[in-house]
Amino acid sequence: MSAPAFTRSATRAALRAAAQASKPQLRSLSLLAARNVVRAAAPAAPRFAAPASVRGYKTLDFAGTKEKVYSRDEYPLEQLHEYFKNDTFALLGYGSQGHGQGLNLRDNGLNVIVGVRKDGESWRQAIEDGWVPGKNLFSVEEAATKGTILMNLLSDAAQSTTWPELSKFVVKGKTLYFSHGFSCVFHKETGVIPPKDVDVILAAPKGSGRTVRTLFKEGRGINSSVAVFQDVTGEALNRAVNIAMAVGSGYVYETTFEKEVYSDLYGERGVLMGGIQGMFKAQYEVLRKNGHSPSEAFNETCEEALMSLFPLIGEHGMDYMYKACSTTARRGALDWAPEFEKANLPVFERLYESVRNGTETRRALEFGNRKDYREQYDKETDAIADQEMWRVGHVVRALRPDRAGKAL
Ligand SMILES: NC(=O)c1ccc[n+]([C@@H]2O[C@H](COP(=O)([O-])OP(=O)(O)OC[C@H]3O[C@@H](n4cnc5c(N)ncnc54)[C@H](OP(=O)(O)O)[C@@H]3O)[C@@H](O)[C@H]2O)c1
């Protein structure tokens with residue numbers, strides 16, 4: 001590893017400067033980032049004066065690379081109301097993102113309607129969340145007719161199958177919005193080719209739609225990326241950033257549709273979901289084969305990670321977590337981390353290529369378009385729940401003092 005860019009005292013000074021410069025909403029970002037991130041000596045971010053021409057951003061140094069960051073304190077609610085005063089957000093689809101983004105828009109006082117297929121699971125869920133048929137809950141087609149910002153939050157597979165019908169509503173003057181680069185980037189596979197006379201943008205929250213909602217309710221905000229696929233009005237990027245703020249983002253960084261979809265598909269198949277399950281399972285299996293009890297194997301693999309060590313990484317970084325552990329633990333972890341890196345590198349390279357060449361997209365579309373895709377997904381995730389490791393997890397979680405005595 002290269003030497004740290006800052007000395008301890010410089011880091012502390014950066015932390016203090018970031019804390020002072022930050023408004024409350026930004027503070028956690030600044031504190032987290034300040035070890036390697038120093039606010040560049042860029043001019044103070046402009047305050048909003050006229051919505052159409054505003055760019056409220058900061059340039060931050062991400063370990064040597066300067067990037068623009070848009071933060072929510074530069075996008076106050078009154079400003080969003082003014083910016084979107086002539087718009088109707090039409091949420092097409094009400095899955096995890098539809099739920100989170102839709103309720104946040106509604107709570108933010110913006111004009112939002114939902115479009116889903118009638119009498120499906122999402123229709124039922126939307127009614128449960130207070131959307132009213134005929135008032136702000138419609139069929140996909142009706143909502144797409146009424147909306148000015150068409151938020152395509154159908155499943156990625158459904159975005160492809162519904163496109164021949166939906167594209168009729170994507171007409172000049174409307175904005176086409178996604179939360180993923182999937183459909184546009186892999187247009188050969190999806191068939192989604194937007195008309196040339198509309199802005200096409202994305203805001204992609206970096207987390208589940210449930211987290212989009214819970215962080216918003218806690219007064220915090222999810223990190224999101226924004227990108228422009230097509231800019232016919234000259235306003236596409238600004239619009240994407242404003243929408244990202246309106247749906248509850250805390251801070252926003254810029255990307256492209258292509259980079260968003262590659263990194264997203266790669267990340268979720270890797271460390272975020274596929275990789276973590278694979279690592280947990282392999283470690284657990286070896287412990288069990290060597291005679292360790294289920295509770296010991298689970299505690300040494302999952303419980304300690306999730307309850308003690310990973311939160312420390314999240315709050316303060318990997319070095320902090322290492323320092324919080326014993327010298328014995330630290331020696332072993334420092335020695336073995338490069339081994340894991342070496343072993344995993346070829347897998348990650350193969351995975352990235354599988355994303356880039358469209359293999360992952362074709363697989364997701366093929367599976368997502370099966371009639372019984374929900375049941376099939378349930379079958380496979382139920383099989384994970386049925387693995388000994390996660391059945392043990394139920395028992396261990398129920399033993400946590402805050403849950404003691406509650407049902408397993
Ligand atoms: N979930 C996340 O964590 C996350 C994070 C960032 C970005 N995204 C992106 O956000 C978008 C939405 O994802 P999501 O997870 O919220 O939703 P999802 O669960 O993938 O999709 C759910 C929606 O699609 C509808 N749908 C499925 N097949 C349909 C069909 N043939 N015709 C009409 N509607 C159909 C469902 O309606 P029914 O209930 O009627 O079936 C439901 O409203 C995707 O582009 C995704 O990649 C997701």
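The first residue of the sequence shown is numbered 1, and numbering continues consecutively from there.
Defined by atom type and a distance below 3.5 Å, a donor-acceptor pair is missing between the side-chain atoms of Q387 and E285. Side chains of E360 and Y262: a donor-acceptor N/O pair is absent below 3.5 angstrom, by distance only. Side chains of E254 and Y57: a donor-acceptor N/O pair is absent below 3.5 angstrom, by distance only. Side-chain contact of W131 with Y94: a donor-acceptor pair under 3.5 Å is present, judged by distance alone. N104 and Q101 form no side-chain donor-acceptor contact under 3.5 Å, judged by distance and modelled atom types alone. Between the side chains of S224 and K206, no donor-acceptor pair of N or O atoms lies under 3.5 Å. Side chains of H180 and E260: a donor on one and an acceptor on the other come within 3.5 Å.
For the ring-ring contact (aromatic ring centres under 6.0 Å, His included) test, residues two or more places apart in sequence or in another chain that qualify with F84 are F89. With sequence neighbours excluded, no residue forms a salt bridge (Lys or Arg N to Asp or Glu O under 4.0 Å) with E339. For E341, there are no salt bridge (Lys or Arg N to Asp or Glu O under 4.0 Å) partners two or more places apart in sequence or in a different chain. Annotation: salt bridge (Lys or Arg N to Asp or Glu O under 4.0 Å) contacts of K118 (sequence neighbours excluded): E142.
Distance alone, capped at 3.5 Å, places no donor-acceptor pair between the S308 side chain and the A305 backbone. For the pair S179 (side chain) and A204 (backbone), a donor-acceptor distance under 3.5 Å is absent. Looking at K172, its side chain never comes within 3.5 Å of a backbone N or O of P195 through a donor-acceptor pair. A donor-acceptor pair is defined here as one N or O able to donate and one able to accept, closer than 3.5 Å; such a pair exists between the side chain of D61 and the backbone of G64. R391 contributes a side-chain N or O that, together with a main-chain N or O of D386, makes up a donor-acceptor pair within less than 3.5 Å. Using modelled atom types, one side-chain atom of Q230 and one backbone atom of V198 make a donor-acceptor pair closer than 3.5 Å. Not a single donor-acceptor pair under 3.5 Å links the side chain of S139 to the backbone N or O of R117. The main-chain N or O of R220 is found under 3.5 Å from a side-chain atom of R72 such that the two form a donor-acceptor pair. With hydrogens and angles ignored, the 3.5 Å screen pairs a side-chain donor or acceptor of N108 with a backbone N or O of A246. Side chain of T190 to backbone of S183: a donor-acceptor contact under 3.5 angstrom is found.
Scanning both residues, A227 and A240, for their nearest heavy atoms gives O-CB, 4.4 Å. The shortest heavy-atom contact between A297 and T301 is O-OG1, 2.8 Å. Heavy atoms only, all atoms of each residue included: G358 and F186 are closest at CA-CE2, 3.7 Å. Nearest heavy atom pair, residue D197 against residue V232, reads O-CG2, 3.6 Å. The two residues A143 and G115 come nearest to each other via the heavy atoms CB-CA, 3.5 Å. Here the closest non-hydrogen pair linking L176 and P194 is CD2-CB, 4.1 Å.
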Inset, instruction - Give the C-alpha distance, both sets of side-chain angles, the deciding distance and a yes or no for side-chain contact (heavy atoms from CB on, under 4.5 Å) between V247 and M151. - result: CA-CA 11 Å; V247 301; M151 304 176 76; 4.0 Å; yes

Inset, instruction - Determine, step by step, whether I113 and T88 satisfy the side-chain contact (heavy atoms from CB on, under 4.5 Å) criterion, reporting the C-alpha distance in whole Å, the side-chain angles of both residues, the deciding distance to 0.1 Å, and the verdict. - result: CA-CA 7 Å; I113 59 176; T88 300; 4.0 Å; yes

Inset, instruction - Take V114 and N136, measure what side-chain contact (heavy atoms from CB on, under 4.5 Å) needs, and give me the verdict at the end. - result: CA-CA 6 Å; V114 174; N136 51 22; over 6 Å; no

Inset, instruction - Begin with the C-alpha distance, continue with both residues' side-chain angles, and end with the deciding distance and a verdict on side-chain contact (heavy atoms from CB on, under 4.5 Å) for T361 and L265. - result: CA-CA 9 Å; T361 296; L265 295 181; 4.0 Å; yes

Inset, instruction - May I have the step-by-step check of salt bridge (Lys or Arg N to Asp or Glu O under 4.0 Å) for E128 and R124, ending in yes or no? - result: CA-CA 6 Å; E128 208 173 291; R124 192 197 60 72; 2.7 Å; yes

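Counting only residues at least two apart or in different chains, ring pair (Phe, Tyr, Trp, His ring centres under 6.0 Å) contacts with residues 285-306 comprise F298-W390. Identified under the salt bridge (Lys or Arg N to Asp or Glu O under 4.0 Å) test for residues 93-113, with sequence neighbours left out: D107-R213.
The six-membered or imidazole ring of F367 lies near that of Y377, with a centre-to-centre distance under 6.0 Å. Checked against the 6.0 Å centroid threshold, F348 and Y266 count as a close aromatic pair.
Side-chain atoms of L91 and V112, non-hydrogen and from C-beta on, do get closer than 4.5 Å to each other. Between R288 and M389, every side-chain heavy-atom pair lies at or beyond the 4.5 Å cut-off. With contacts defined as side-chain heavy-atom distances shorter than 4.5 Å, the pair W336/F340 qualifies. Put simply, the side chain of C184 reaches to within 4.5 Å of the side chain of V200, judged on heavy atoms. At a threshold of 4.5 Å between non-hydrogen side-chain atoms, the residues L60 and K66 do not count as touching. Put simply, the side chain of P205 does not reach to within 4.5 Å of the side chain of S249, judged on heavy atoms. In this structure, I201 and T175 have side chains that are in contact, with non-hydrogen atoms separated by less than 4.5 Å. Between E296 and L287, every side-chain heavy-atom pair lies at or beyond the 4.5 Å cut-off.
A salt bridge between R239 and D199 is absent, with no side-chain N of the basic residue lying under 4.0 Å from a carboxylate O of the acidic one. A salt bridge links K58 with E74; the closest basic N to acidic carboxylate O contact falls under 4.0 Å. Between R362 and E366, no side-chain nitrogen of the basic residue sits less than 4.0 Å from a carboxylate oxygen of the acidic one, so the salt-bridge criterion is not met. Electrostatic pairing of E303 and R400 counts as a salt bridge here, judged by a charged N lying under 4.0 Å from a carboxylate O. In this structure, R374 does not pair ionically with D378, as no charged nitrogen and carboxylate oxygen lie closer than 4.0 Å.
Rounding to the nearest 0.5 Å gives a distance of 11.5 Å between CG of L80 and CG of D87. In this structure, the separation between CD1 on I243 and CG on N238 is 10.0 Å, given to the nearest 0.5 Å. Between Y177 atom OH and I149 atom CD1 the span is 9.5 Å, to the nearest 0.5 Å. Rounded to the nearest 0.5 Å, atoms OG (S354) and CZ (R269) are 8.0 Å apart. Atom CZ in F178 sits 10.0 Å away from atom CG in L92 (nearest 0.5 Å). Rounded to the nearest 0.5 angstrom, C302 SG and M307 CE are separated by 12.5 Å.
Ring planes of Y251 and Y253: tilted class, angle from 30 to 60°. Ring geometry, F229 versus F257: the interplanar angle falls from 30° to 60°, so the pair is classed tilted.
More than 12 non-hydrogen atoms from other residues, nucleotides or ligands lie less than 6.0 angstrom from CZ of R330.
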